[in-house]
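Below is one structure, written out as structure tokens, with a few remarks after it.
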Amino acid sequence: MIKLFSLKQQKKEEESAGGTKGSSKKASAAQLRIQKDINELNLPKTCEIEFSDHDDLLNFKLVICPDEGFYKAGKFVFSFKVGQGYPHDPPKVKCETMVYHPNIDLEGNVCLNILREDWKPVLTINSIIYGLQYLFLEPNPEDPLNKEAAEVLQNNRRLFEQNVQRSMRGGYIGSTYFERCLK
């Protein structure tokens with residue numbers, strides 16, 4: 001018992017004297033994994049990542065600028081908040097750009113299966129980025145958050161395309177105003 005106490009005391013003294021043992025803050029599992037994910041990123045040419053604080057890899061923004069489909073020439077910003085439970089829990093992803101989309105509601109919530117029930121720890125940030133990009137190439141009216149947009153997509157693709165274009169130029173769809181989001 002006394003030896004254990006003296007070892008603890010000795011370690012404390014080494015740390016306070018600037019010893020190398022334990023003097024650097026230990027990275028959490030989430031920080032280590034996000035570092036690995038970011039180092040291994042293989043971004044499509046339509047995407048870029050922005051870090052407001054380069055020391056904080058757990059919070060960042062993703063900018064997607066689709067080069068084809070309904071949303072071509074748009075610029076959409078997503079915020080990523082990676083919790084300490086990562087990779088066992090998916091990151092929280094929100095669309096900061098108000099968009100007329102069946103799988104993104106007007107509050108920015110995103111309906112992407114791998115962000116919810118189909119999340120697995122083997123999935124990476126790269127998987128999510130490709131999933132988000134795919135939502136802009138192939139909106140899914142079968143699993144909507146914006147039911148009105150999904151209904152228009154299913155029943156009248158031409159009107160849906162017109163609504164998307166109007167919303168990206170900045171304008172009203174029904175009683176909802178969309179800020180311009182063309183790049």
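Computed from heavy atoms alone, side chains included, the values below leave out hydrogens, waters and symmetry copies.
Taking the ring centroids of H101 and Y71, they lie under the 6.0 Å cut-off.
Under the 4.5 Å side-chain criterion, counting only non-hydrogen atoms from C-beta, R33 is not in contact with V82. Side chains of P66 and I64 form a contact here, defined as non-hydrogen atoms less than 4.5 Å apart. Considering only heavy atoms from C-beta on, L145 stays 4.5 Å or farther from N103 through its side chain.
Side-chain atoms of N113 and E117 include no donor-acceptor pair closer than 3.5 Å. Of the N and O atoms on the side chains of N59 and D56, at least one donor lies less than 3.5 Å from an acceptor on the other residue. Side chains of T46 and Q133: a donor-acceptor N/O pair is present below 3.5 angstrom, by distance only.
No donor-acceptor pair closer than 3.5 Å links the side chain of D37 to the backbone N or O of T124. When atom types are taken as modelled, the side chain of W119 and the backbone of P91 share no donor-acceptor pair closer than 3.5 angstrom. Put simply, the side chain of Q165 gets close to the backbone of F70: a donor and an acceptor are under 3.5 Å apart.
Residues L57 and F51 share a closest heavy-atom pair of CD2-CE2, 3.8 Å. In terms of heavy atoms, N163 sits closest to I173 at O-CD1, 2.9 Å. What you find for P102 and P139 is that their closest heavy atoms are CG-CB, 3.7 Å. Here the shortest heavy-atom pairing between F178 and V99 reads CE2-C, 3.5 Å. Contact record, E96 with K61: OE2-NZ, 2.7 Å, taken as the closest heavy-atom pair. Considering every non-hydrogen atom in both R166 and Y172, the closest pair reads CD-O, 3.0 Å.
With K75 as the fixed residue, the side chain to side chain contact (heavy atoms under 4.5 Å, CB included) test singles out one of K183, R180, M168: K183.
Residues I114 and V93 share a hydrophobic cluster, clusters being chains of Ile/Leu/Val/Met/Phe/Trp/Tyr side chains in contact below 4.5 Å.
Using cut-offs of 30° and 60° on the angle between ring planes, the pair F76 and F136 is parallel.
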